[in-house]
Structure formats: C-alpha cells, structure tokens
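What follows is a set of notes on a single structure, which appears directly below.
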Amino acid sequence: MKTKYLHKPLSQTNAKSRSFFKKASTRDLLYIGYGSLVVLLVLLSYLAGAFSWLPHDPDEMNLDLMMADPFVAGHLLGTDFMGRDLFSRLVLGIQAYFIPGLMAIVIALSLGTFLGVLAGYEGGKVDRAATYINNLLDSIPRMVLILLVVALFKPDVYYIMFVVGVTAAPVVALQIKNKIIYLKQKNFIESAIAIGLPKPTIIFKHILWHNCRSILIIQASLCMAEAILIETSLSYLGFGVQEPIPSWGNMVQAGANYLMQGHLWPSTAPALAILFTILGFYLLADGLNKVLEEKQ
Amino acid sequence: MDNSNVKLNVMKARTTKVVLALSKELSMTLALLFGVSVLVYTLLYFSPGDPFSSFSSGETLGTDAAESTGEKSVWVTHYLHWLSSIITGDFGTSIRSGEPVLPAVLQVTLNTLNLMFFAILITLAIALPIGIINALRNASVFSSASTLVAYVMSSLPVFWLGYIAVYISTKYFEYFPLSSSFSDSGGIDWLKFFFPVVVLGLGSGLISEIIRFVRMEVARVMDEEYIRTARAKGASVWLHAYKEALVLPVSEIVASKIPFFLGGAIIVEQIFNWQGVGRMAWQAAQDRDFPVILCITLVAALIVRGGSLLQRVIYILINPRASQENK
Amino acid sequence: MSSNPHLIIKDLHTYFHSPSRQGFVHACNGVSLDIMRGETLGIVGESGSGKSITMLSSMGLLNVGPGVVSGSCEFHSRNGAISLFPDLNSHVQLTHENGQIVQVKKDLQSWQKKTRHIMRDIWSKEIAMIFQNPRQAFNPFQTVGDQIRESIMLHTNITNKKEAKEKAYYWLEKVKIDSPKLRYENYPYGMSGGMCQRAMVAMALASQPSLLIADEPTTGLDATIQSKIVDLLFELKESLQLTLVIISHDISVISRLSDKIAVMYAGNVIEHGKADEILGESFSKRHPYTRSLLGSVPSRSNVTRTGRLPSIRGEVPDAVNTPQGCRFYDRCDAKTPAVEARCSQKNPNFSQVAAEHQCRCWLYTPEAEHA
C-alpha cells in the first residue's frame, strides 16, 4: 500500500528555497551525491598521483609481502603479485585516463555542439548533412576504429582519446539538436530573432548557456565514463600504458594469471575501482538528468 | 466495387510507397558505407609508412603525393582505384600470414555474429522483463533495486567478469572453458560456447540502458489514448500495444547498440580465445597488420549498417505512416 | 422514457497526482449522478470541472493514481445491479481532518486487478465509450475497419472474420460514412477528424451496448462537422434506444441531445435537472454559475442586452489546494448578505428547487429563502 498525502498545510511549502530539492527525489540526490563524491575522489587522486603524494612508492617491490591482504603492514589495500602497494598503484592509475579523458570530453562537447547547433538551428540541408556525419561516426564500432588507428599510427592514448571524443560527439549533437527543436517549438528562438538579437548571442548565450548547460554537464560525465572504459579496456588488451606504469586495465590483466590460481585480489581491486568509478559517473549523469532535464 | 478489388487497389498503392521508402533507406545505407570508405581511406592516407602497397592496385601514394601537381585529381583517382579493389574483394594480403585478407576475415566473422546474436538474446532476456515490469509498476522497491543492480552490472569491466567466470567454473565445477571451442568435427562445443555468450551478454554494459529505454517506451505507450480505447473496448491491451511498446523499441535499441556488442566481443573473444573477428582485430592491431584491421573495420561498418537497415525495414513495415511521410 | 436506473454514481471522490503541480488534484468532490435507462444525460462544465474524470472513474479507465478513493458506482443490467467499485473500502484507507481527506493509502495493483476483472464483462458489451481526439484514440498501426471488426468479434456472436467484416461495413454505413468498403481499409491518420469520430461511434455501437458515453465528441472538429455528429448521435440514440451520457463544454451540443443536464464545476455537480428547465428562459431558480454560463454563450440575445458578451469574472479555483466553502464563492455575483457567511465557510449540499431538479447553492435552502 502506498501512502499519499493529499493536503499539506500551507506553512509547509516554502517553494522558493526548496525548489531544487523539492523536485529531486531521494534517489536522485543519492545518485548525484555519490557521483560527486567519485568526481572529487578522482580529482584528488589525480593530483595526488601528479605530485606523488602517495603512501608508498608504486614501483617498490616488497618481495616478502607479495599478495598481502589489505591492512597488512601499512598497505591499505594490500599488495599485488610483485609486492607493490595496491593503493598507490590504483591512485596512480588515474593518471592514465584523467587528462586524456578531459581531452575526449572537450572534443566531444565542442564537435557535438557544433554539429548539433548546425543540425538544429539551421535545419534543412545543413541538418541533413550534420545528421549524415553523425550517422557516419556511429557506423564504426569505437573499439574497432581505435584498433585501426593503433595499427596505422601508434598506440598513443591521446590519439585514442581523440577518436573517443569524435565518436562521442554524435550523442551530444543529437541531444543539442533535440533541445533546439524543442526551443523552436516553444517559439523561443523565433521571439529572440524577432526582438533583434544577433545570431551568435542567440546561439551562445541563450541556447547554449541558458538552456544546454545541463545537457553538456551530463554528457561530459557520460563521456568520462566512456573514456575510462575505453582506456582500461585498451590497456587490458595491451595497447595503452605498459608495465610497470600502472593502469587499472593492465593491472587486471597482469593479475589475471594469479586470479586463476585463487589469488583474486590483485585483479579484483582494480576491477572494483573501475566499477565504482564508472558507476559514479553514470549515476551522476542519471541523477542530474532526472533533476535538471526530464520533463515530468 | 466489390471487396477484393477495393482492397487490391489500396494495397497496390500502399506497396508502391513502401517499396519507395525501402529503397530510400537502402540508398542511405549505401551512402553511409561510401562515407565510411572515404573516412578509412583518409586515415590510410595520413598514416606514416606505406599502407597502400599491400593492395594489388599497387600504386604507392601516401603523403608523398601531396607534392605532385594536380594533387586533387590524383587523390580522387587513387581513391577510386582503391575503392574498386575493395569492392571486388581485394583487401590485399595479411602482413602476418601472407594470405588474402577478405576470405580469412569473412570466415571468422560468422563466429562473431554467432556470439553476438546469442549474447544479445541474453541481454534482452534480462533487460526486457525488468524494463516492462518497472514500467507497469511504477516506483516500487523492485524497480529501484533492479535499476541500481543493472547500473552496477553495466559498470563492471567485462574483462574481469570473464576471468571470474572462468575461475568460478574451474574451482566449483571443475570445468575449464578456455581451450578451443571448436571440436574436431568442426562444430561448436555448446558448453564452451556458453561462457563467452553469457559474459558478453551480461558484461556488455548495455543492460541498464536497455532497461531504461524499454521502460520509458512501455510507460509512454501505456499512457497513449489508443490503449485507453482498447481497454474500453474490452480488447487485449498487449495485442494493441506490442508493436509500439515492444517491437519498435527493441529493434531500435538493438540496432543502435550493435557497435557496442562488437566492441565487447573484441575483449570477450580475447579472453576465451574465441576465433572471431574481434580476436583477429586485436591480433592485427598488435602486429600492425593494417590490411587485416582495415578489412575488419569495413566489415564491422557493414554489420552495423546492416543491422540499422534491418531495423528501418521493420519500422517501415510495421508503421503504416512511415512510408507516407515526406521526411 | 422509463425510470429504470441504468448507471448510478454516488458520492464519488477521485484524486490524481499532478507532477507539474506537485500535489494531488481533487478532481471529483462527492459527485453523484443518476443515469436512467433510455435517457440522455448531458454533463456540462468547463475544462477541469471533473466531468470526464467522473465517467472515466466509473469505467475503471483511470491510469494515474490514486484514482477513486470513495463512493459507489452501480450498473443496473437486465440481470441485476453490479457494483463497479467492488470492496473499495478494503483497498483504501482514508484519514479525515475537518471533513477533508488528508491522507490516502491505496493498493493500486490489486484494485486495478479487481476492477478490470469486473469491467471485462461490461466494457463495450454493456457500456461503450467514445473519446475526444478520435484520430489519437484509434490504434495507428491498424486499419480503422479492422478495429471495428475486432469489437464485433469480441462482443457479438459473429466469429467468422469475413462475416464480421461485412458487419463492420454495415456499421460504417450506419454512421453515414461514404464508401464504407474503402474507408474500412483506411488508417486513422488518413481520415478527417469528423470521419474518424463517426468511425469511433461505429466501433462503439458495433458491440451493441446499452449505454454509450460520449466524452467531448465534437471538440476539435469544425463547426459544420460538429452539428452533423450531434445529429448522428441523436438519430442513433433514438433508433437504437440507447442510454446516452454526453459530456461537453459546449452548451449547444448538450441542449440538442439531453433530456437531463448535470452542470459541474470544480469537481462538484452544482445543478442537476431537466434540460428544459435548466435551459429554459423562464426558470428562475438556477445556480449562479449556470446562469452566468448560459449568459456567456455567444448568441445574439446575450450580446444585445449589454452590448458585450458577458463572461464570468475570476478563475477556476486551485485544484490542488481547494478552498473551504463553496467553490464558486469568489466568482459568484448572486451572493446575498443572508448567505454570504455560510458560502465562505461550507460547501453547500443539494437543495431541491423543483421536481427532479436540484441545485447546490445556499440561496435555495429553506432558511435563505425566508430571510
């Protein structure tokens, strides 16, 4: 049985101050909270890795203490199969995808916005051309294209993130285009033109900044999740960061043999890191979407 | 006018429009494939080394050509030469094996398609019921819990999942699924087939998205006015709803996610040593065997667009309005 | 015209959740309607008055929760009376405060299951309903004819597809559609609004119900088509001896078809009586709302009096936070000092103003009349 409260005493509703939280359900807030926490942790870890604020040297091998359990001898998460501190390696692993991921985001958002605005605002032939390009970029599976680039050029993570960014652009473009169509239906754009606003102002200030901000943030979160997935998958396959430099993907791969022998942790720890981090970005995007975007 | 005559005329008119719409889709697909070939060619063009030498069209072009005069027309001619080799099936020879590329690729593609087909079935078998139930029973404990679990499953790295599957099987069932999945007689060992299929089905990361999409569509359709009419008529609601709530959304989401299943297949095939096109791609990338990976890219694009075309065909055949609109 | 009850709705309270308003709309506030066999009841009111929701509630066609929370609805068939809200009280827990419902606990799943089980024998077989927006009300994936045929095969003895198709042609002709054989093969989007509405009438009547509910059947259609649909309904109800419930905000439609009229405002039936009396010029004891409503209908006589078409000042009250007292209070121009206090405090009950004519207004209670 579900309880419904039908008449709330008027004093309880203080609309203005509670407008954000009123719309958001508990679940959405939890999602956003968890996601923001993850983002914060990733950022901090990136900085920690960049400045080497790590509890242990990630390369230091402690042969007496191989595959130790967590909390043994000052190793927060234990050690891997070479006695190296897992926690430090995990933190350092963020270096592998953070900046490249940001690059992918920048490319995806800028290219996507460009295509989306073209398709939505101009309409007609330009729309058809932009849609064609979108479909084109969607036609090749991302992993396949990346392998092609790796084979033709070199397995550089920045090349790869360039591809990730470009292939993530169609999704962004579609969202922006739909938003513009929605705004057109509401005569928003028509009125802006009618009162004489110049085109760049309409596009940049009114459409993008005021109306598409939330889309861009949400897509950025999704793009980062994608970047992490790709980077870890590729380094797992052997194409990204190489040993001994840690990446979550190559850590899983290196620990795989030991997993078969029953030592689950060295492989599972980075896998869980991937899981919880990607989950954070997904949930952040979902929660923000529900609160900021979805029309009831 | 008697019955059959009237119906015949109406059907004739409608069929013509459908055929027209279908040909439009086909030409769009061809245009996109053409675009893919141009894109791939551009990548080849700008890559270091001499990627065109392995094609029997022979002409070495690469970045040196930029210096020669009449550059643009040379570029086009070269592209057309290359394209004609491609179309006739000549993708050159593999750097690694020296064998012609296309036959080898096509042979393993079948295995991957097999894998993908069943993996998609598994993903749907999980995602569809959850999506439908969540749509029909709004905001229950089950829906929140299932959504969260689906998210977690979709964030799991598939490569780790594969290892865990092997580990569990080896430890608890004393069954090691990693040896070749092809028995000597040339058929498929179904038990060994089971693992990569399940791992890809669960680990492709698409379960939560499909749940969300199906739920949204089913909920939307159930609120449509014609469903209310069906109910008021005492008719079976599902009979009226299934086209728009089930067939169309599922075909749409599956077609759009084929690229992701292919990507996942690369990893799964590597783990389980499944002789599919994903594994071949990985091997080729490692060896820098670009004729192979190039061919695979185009074949992959063909599969993706093929799936998309199939979905458009379904849409046009089911939705009577699709062929009548002027897009 | 017999005085056998056909569909009796008593004290219906329906709520639904409005996400945009972030609250619950009290769509039906104790609605009671007596629909007699062979009679035509016209329900008239503004948008949001609850007229459609009332009939949708009784038909078990509400999608949004919580829906019906209290009241009764009885359908009197040839075999006896069937309650359409079986065991409502066992599915709902209400908490009252100051005479108002403040909390509802309802087991939607099992309630829907139960009502749908009962309604299965009633939907279309006994009570048929046609809706506004006929083109949206038909399944866009099927031809109109096939949908009519479905109704025939579900509810009549005809099980042969070919026979049912012939019967569908018959009904299409009966609703005055030209070239019925051609129109059978049409999809809903390919038909005009008026033609689609006729087809919907055909589909509703093909199952041979005894009661037809028409929810805004003319809204959205061209004026000329509107009158044709009204004429069609009039003819059909006479020839088939239907009980008809017609819901509309258009007085002219109501007046042409109704024997009795119920006027609804903000979730209440505020007047209920014979059509002739309510619409007639001479009748004096009308609800202020009805009077204003009739006075604002675009007609020569209404304009010539003051030179302008009068409109009712003010706005419909907030549906989520309903005011205390009479819901028409803010907009009423007929308040007298004798009743004003009461009007603002308490929502009036029905008072009898003539035989078979009731009015929900403090002006017509015995005390007020002697004041």
Side-chain angles (χ1 to χ4, degrees), chain A residues 2 25 27 30-31 128 132-133 135-155 167 225 228-230 232-234 236-239 248-249 252-253 255-257 259-262 264 267-268 270-283 286, chain B residues 28 31-33 35-36 39-40 43-44 46-49 51 139 144 148 151-152 154-161 163-164 166-167 170-171 205 208 212 256 258-264 266-267 270-271 278 281-282 284-290 292-294 296-297 300-301 303-305 308:
Chain A
K2 277 178 291 181
S25 74
R27 190 188 67 171
L30 271 171
Y31 280 10
R128 276 205 288 271
Y132 175 81
I133 295 179
N135 288 337
L136 187 61
L137 292 171
D138 274 339
S139 299
I140 310 180
R142 198 172 277 158
M143 285 295 274
V144 172
L145 190 58
I146 289 174
L147 289 180
L148 178 67
V149 167
V150 162
L152 286 179
F153 299 84
K154 51 177 167 170
T167 50
I228 299 176
L229 193 62
I230 297 277
T232 51
S233 302
L234 280 171
Y236 161 79
L237 289 175
F239 292 112
W248 294 351
V252 174
Q253 200 277 327
N257 292 329
L259 192 156
M260 300 302 183
Q261 294 165 21
L264 296 176
S267 234
T268 306
L272 288 178
I274 297 174
L275 167 64
F276 286 115
T277 312
I278 294 186
L279 187 64
F281 284 100
Y282 276 162
L283 292 183
D286 189 287
Chain B
M28 191 57 172
L32 281 168
L33 286 174
V36 169
L39 182 67
V40 168
L43 283 174
L44 281 176
F46 283 112
S47 66
S144 315
L148 194 59
Y151 263 127
V152 170
S154 300
S155 315
L156 272 176
V158 66
F159 38 91
W160 177 80
L161 189 64
Y163 285 130
I164 291 291
V166 172
Y167 172 71
T170 318
K171 180 159 185 203
S208 68
R212 210 174 336 140
S256 70
I258 286 180
F260 295 91
F261 277 104
L262 268 173
I266 294 180
I267 297 178
Q270 194 270 343
I271 299 176
W282 172 70
Q286 283 208 320
D287 300 332
R288 307 287 187 273
D289 195 350
F290 47 80
V292 173
I293 185 74
L294 172 66
I296 293 178
T297 307
I303 295 175
V304 170
R305 290 263 63 94
S308 190

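In what follows, every chain begins at residue 1, and chains take the letters A, B, ... in the order their sequences are listed.
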* Least distance between heavy atoms, A/L275 atom then B/L156 atom -> CD1-N, 3.7 Å
* **A/L152 CG to B/R288 CZ distance, which is reported to the nearest 0.5 Å** => 10.0 Å
* Asked: In terms of heavy-atom pairs under 4.5 Å, which option from A/D138, A/I230, A/L283, A/L148 contacts chain B the most?
  -> A/L148
* Structure fact -> Of all heavy-atom pairs linking A/V144 and B/I293, the shortest is O-CD1, 4.4 Å
* **Which portion of B/L39 sits near chain A, non-hydrogen atoms under 4.5 angstrom** => side chain
* **Contact summary for A/L237 and B/Q286, nearest pair of heavy atoms** => O-NE2, 3.8 Å
* Asked: What's the spacing between A/N135 CG and B/S308 OG if we round to 0.5 Å?
  -> 7.0 Å
* Heavy-atom proximity to chain B below 4.5 Å, by part of A/T268 -> both
* Structure fact -> With sequence neighbours left out, the residues meeting side chain to side chain donor-acceptor pair (under 3.5 Å) with B/S256 are none
* **Beyond-backbone contact of B/F159 with A/I274, side-chain heavy atoms, under 4.5 angstrom** => yes
* Return the minimal non-hydrogen interatomic distance between B/V36 and A/S139, and the atom names on each side. => CG2-CB, 3.9 Å
* Contact winner vs chain B - A/Y31, A/F153, A/Y236, heavy-atom pairs under 4.5 Å -> A/Y236
* Within the side chain of B/W160, is there an N or O that forms a donor-acceptor pair under 3.5 Å with the backbone of A/V252? -> no
* Structure fact -> One option among A/S233, A/P155, A/S267 has the most heavy-atom pairs under 4.5 Å with chain B, and it is A/S233
* Any B/V166 side-chain heavy atom under 4.5 Å of A/L259 side chain -> no
* Asked: Is a side-chain donor or acceptor of A/Y282 paired with a backbone partner of B/S208 at a separation under 3.5 angstrom?
  -> no
* Asked: What closest approach, in Å, do A/P141 and B/P259 show between heavy atoms, and which atom pair accounts for it?
  -> CB-O, 3.4 Å
* Structure fact -> Rounding to 0.5 Å, atoms CG (B/L148) and CG (A/L30) come to a distance of 9.5 Å
* Structure fact -> Taken in chain and number order and not counting sequence neighbours, the residues that satisfy ring-ring contact (aromatic ring centres under 6.0 Å, His included) with A/W248 are A/Y97
* Give, as side chain, backbone, both or neither, the part of B/L262 having an atom under 4.5 angstrom from any heavy atom of chain A. => side chain
* Any B/R212 side-chain heavy atom under 4.5 Å of A/D286 side chain -> yes
